Amino acid sequence: MPFLSSFRIGQQTVYPEELRERLQGFALLESVGDGALKTLLAEANWFGLPGGMLLDREGDNDAALFLVVTGSLGVFVADAQGQRRMVAHVPAGETVGEMSLIARDHGHSAQLVALRDTELLRISADGFEALIARHPKVMVNLMRVLVKRLAAANRSGGDGARSKTFAIVPLQDHLEAAPVAHRIANALVEMGSRAAVLDISASEQSAEWFNSFEAAHDVVFYRGDAPDSAWTHQCLRQADRIFLLARADQPLPLRPLDLPAFKERASGLPELLLLHPVGSKAGLPEHFSLRSGLFESHHHIRANNTADVHRLARFIAGRAVGLVLAGGGARGFAHIGVIKALMEAEVPFDHLGGTSIGAIIASGLAHEWGVEELTDRMRSVFVTNNPLDDYTLPLIALLRGRKASRMLKANFGDTRIEELPKPFFCVSSDLTTGRIHEHRAGPLWRALRASVALPGILPPVIHHGHLLVDGGVMNNLPVDVMREHAIGAGPIIACDITGEIDLQAREENYGEKPWRWLIKNRMKGHPSIVSILMRSGTVGSEAQRRIVREQADYLIEPPMPSIGLRDWKKFDQAIREGYETAAAFIEKNGVPLTHVWSDGPAMAIPKRAGSFPS
């Protein structure tokens with residue numbers, strides 16, 4: 001990408017007129033006159049920094065002020081774990097380095113990385129002092145810039161700006177004709193975004209031209225032409241986020257993609273777009289497992305499937321709707337009613353997660369089962385054929401667990417989590433480490449078997465020597481897991497069906513009674529060992545429950561006072577109560593608006609508007 005050029009006449013550097021015109025719009029130089037501009041240019045050095053490169057703060061760059069002429073910079077600082085994270089975005093027209101300049105601080109705890117090809121003007125500390133000595137208004141402007149920046153940081157909580165430029169570059173040959181970028185751009189235009197695609201025909205444009213083009217659009221896609229071409233590398237330098245394009249029916253290359261230095265820090269790991277030919281299932285290409293650590297996530301795009309493209313567009317726009325479903329035994333059937341009400345309100349489900357029975361139902365949605373199929377399968381598994389009746393000598397658990405495993409295999413087959421058309425995760429509790437275990441890869445049935453393994457009722461699932469049990473032991477509503485890992489997340493809808501279960505006994509020493517008395521009073525409502533174990537496996541930590549509930553944008557809570565954890569026969573009642581609760585919630589509070597392009601989450605109501613009923 002060619003930078004503008006300057007030239008020298010004698011001892012004086014002559015800058016192009018377009019640079020002078022651009023500087024007049026800088027807040028630093030507001031209302032200071034042509035004299036200040038001439039003084040600044042006399043003291044400044046103009047240079048280019050390719051996208052993905054670190055701005056070296058040694059030598060002339062130490063304690064200097066930088067004006068971003070074109071492109072943009074990211075400001076990175078180390079977090080508590082020592083990982084560098086972007087805390088600020090400095091676009092063209094702004095300055096950076098002010099604090100080091102004023103304090104003459106040579107430590108530079110923050111690092112500056114070019115987020116795309118960037119042109120900078122550098123003013124040394126001595127040069128800045130000479131400038132403000134002749135034009136003190138510049139110092140007043142600088143103080144105003146710092147105050148506005150501090151106020152903006154407080155409002156945003158220090159988060160970086162939303163991604164604006166996306167590179168879609170091929171990992172395999174002969175993908176230059178794939179219209180993926182244009183299809184996504186068209187979907188964004190339908191959502192109200194100003195989206196556009198740039199291809200190799202724009203490769204000879206100047207940095208100023210690219211800067212102006214990006215400023216005129218909400219989203220710009222840089223479409224690479226070949227895996228290792230000059231234009232593809234230019235696309236990578238320009239991108240806030242990177243998508244790697246590959247055919248799912250062909251092997252992924254074993255050679256890693258060469259990203260510009262520091263690009264991974266600036267844009268995060270790339271995401272993989274897998275193109276599937278007509279009539280194929282969402283499978284995985286050869287070498288996928290070897291390459292999976294080199295990208296953040298992956299998306300399936302099936303030929304002639306507009307839903308896949310629109311879902312990806314929502315991720316890019318920050319409008320992807322997440323659905324998280326809690327565990328809760330037979331009360332979990334209410335999730336089906338909630339889903340039915342949300343579908344009738346045309347709410348899309350873009351990424352899904354859950355715990356225990358919530359994980360099973362969420363995985364059905366990720367499998368693209370409709371409400372009718374989901375209802376039929378759940379009825380068959382839990383009502384017609386109870387998977388929790390293969391009792392054994394309770395050396396490890398009350399049940400053998402073979403029947404539960406067999407039914408999960410019958411419904412999900414050999415599908416892997418990575419193959420699901422929609423992103424999905426579930427959680428289990430790792431008794432070996434005392435932490436939750438996130439399942440995002442591997443056989444789906446086995447992940448679900450771990451997530452439903454109620455301690456004492458079903459045997460644990462062994463994973464690399466660790467004992468995994470029901471996720472509800474540690475996190476029964478994993479909203480926090482979805483919010484932490486979802487790239488492009490919009491509103492998160494959570495359904496918590498835990499409720500206040502009526503699990504109590506009237507006899508203080510009821511557990512010490514003779515077994516005949518216990519059997520007799522079990523029929524009168526005293527909790528059995530199964531009820532106690534199920535409640536223990538789904539209640540989780542109350543403090544954890546409050547935290548994750550606060551992180552949901554929409555929280556739906558079907559009350560279901562007459563439905564217990566083991567009331568499998570109340571299947572239809574639970575679905576009906578879930579539907580009625582969700583329908584009333586939608587009527588009262590609205591639903592996510594995924595088609596509106598605006599700053600912040602796409603919401604019809606204020607964030608975390610509360611649960612229903614109150």
Side-chain angles (χ1 to χ4, degrees), residues 1-6 8 11-13 15 19 23 26 28-29 39-133 138-139 142 145-146 149-150 153 158 160 207 211 233-234 236-238 240 258-268:
M1 180 180 301
F3 292 100
L4 297 173
S5 60
S6 59
R8 297 182 66 85
Q11 298 298 315
Q12 184 178 7
T13 301
Y15 295 99
L19 174 61
L23 290 175
F26 277 60
L28 181 70
L29 301 172
T39 303
L40 181 145
L41 289 174
E43 299 290 346
N45 297 100
W46 190 19
F47 65 99
L49 189 67
M53 295 296 293
L54 176 71
L55 178 60
D56 185 5
R57 304 300 296 278
E58 300 296 326
D60 292 339
N61 290 342
D62 183 35
L65 179 70
F66 300 92
L67 284 73
V68 183
V69 180
T70 63
S72 61
L73 297 176
V75 181
F76 292 80
V77 298
D79 60 15
Q81 289 74 41
Q83 297 294 318
R84 291 275 175 177
R85 299 187 182 278
M86 190 170 81
V87 296
H89 169 248
V90 187
E94 294 194 12
T95 57
V96 68
E98 303 92 339
M99 301 308 294
S100 296
L101 176 74
I102 296 171
R104 297 295 180 101
D105 180 11
H106 303 279
H108 303 307
S109 59
Q111 290 184 336
L112 304 178
V113 177
L115 301 181
R116 60 203 59 162
D117 287 353
T118 301
E119 292 179 334
L120 299 162
L121 276 176
R122 178 184 60 234
I123 306 175
S124 67
D126 292 339
F128 186 75
E129 288 187 0
L131 174 63
I132 61 176
V138 174
M139 191 62 181
L142 181 61
V145 167
L146 293 176
R149 188 172 297 166
L150 178 61
N211 191 78
H233 283 281
Q234 186 171 330
L236 295 174
R237 295 197 308 269
Q238 286 295 107
D240 295 327
D258 292 327
L259 293 179
F262 292 93
K263 192 62 184 177
E264 181 179 315
R265 178 181 301 172
S267 61

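As the structure is a computational prediction, the values presented were derived from the model and not from experiment. In this chain, residues are counted from 1 in sequence order.
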Practice problem: Specify the closest pair of heavy atoms between Ala64 and Arg122, including all atoms of both residues, with the distance to one decimal. | Solution: CB-CG, 3.8 Å

Quiz item: Which one of Val69, Leu67, Leu49 satisfies the side chain to side chain contact (heavy atoms under 4.5 Å, CB included) criterion with Glu119?
Solution: Val69

Quiz item: Can you name the salt bridge (charged side-chain N to carboxylate O under 4.0 Å, His left out) partners of Glu43, sequence neighbours left out?
Solution: none

Practice problem: Kindly compute the distance separating CG (Leu112) from CG (Leu54), expressed to the nearest 0.5 Å. | Solution: 7.5 Å

Practice problem: Identify the heavy atoms of Ala207 and Thr70 that sit nearest to each other, and give their distance. | Solution: CB-OG1, 3.6 Å

Quiz item: Between Phe128 and Leu142, does a side chain to side chain contact (heavy atoms under 4.5 Å, CB included) hold up when you go through it step by step?
Solution: CA-CA 11 Å; Phe128 186 75; Leu142 181 61; 3.6 Å; yes

Quiz prompt | Nearest heavy-atom neighbours spanning Val68 and Phe26 | solution = O-CZ, 3.2 Å

Exercise. Hey, could you give me the CG/CD distance between Asn211 and Gln238, rounded to the nearest 0.5 Å?
Key: 9.0 Å

Quiz item: Heavy-atom distance under 4.5 Å between the side chains of Leu41 and Leu23, does that happen here?
Solution: yes

Quiz item: Any side-chain heavy atom of Leu65 within less than 4.5 Å of one from Leu28?
Solution: yes

Exercise. Identify the heavy atoms of Leu120 and Trp46 that sit nearest to each other, and give their distance.
Key: O-CD1, 3.2 Å

Exercise. Using side-chain contact (heavy atoms from CB on, under 4.5 Å) as the criterion, list what pairs up with Val77, not counting sequence neighbours.
Key: Val87, Ala110

Exercise. Might you point out which heavy atoms bring Gly74 and Leu115 nearest each other, and give the distance in Å?
Key: N-CG, 3.5 Å

Quiz prompt | Distance (rounded to the nearest 0.5 Å) between Leu73 CG and Met86 CE | solution = 10.5 Å

Exercise. For Pro50 and Ala114, work out which heavy atoms get closest and say how close.
Key: O-CB, 3.4 Å

Quiz item: Can you find a heavy atom in the side chain of Arg116 that is under 4.5 Å from one in the side chain of Asp240?
Solution: yes

Quiz prompt | Gap separating the OG1 atom of Thr95 from the CG atom of Leu121, nearest 0.5 angstrom | solution = 11.5 Å

Self-check item: Gap between atom CG of Leu55 and atom CG of Asn61 - 0.5 Å precision
Solution: 5.0 Å

Practice problem: Give, for atom CD1 of Ile123 and atom CD1 of Ile132, the distance between the pair rounded to the nearest 0.5 Å. | Solution: 10.5 Å

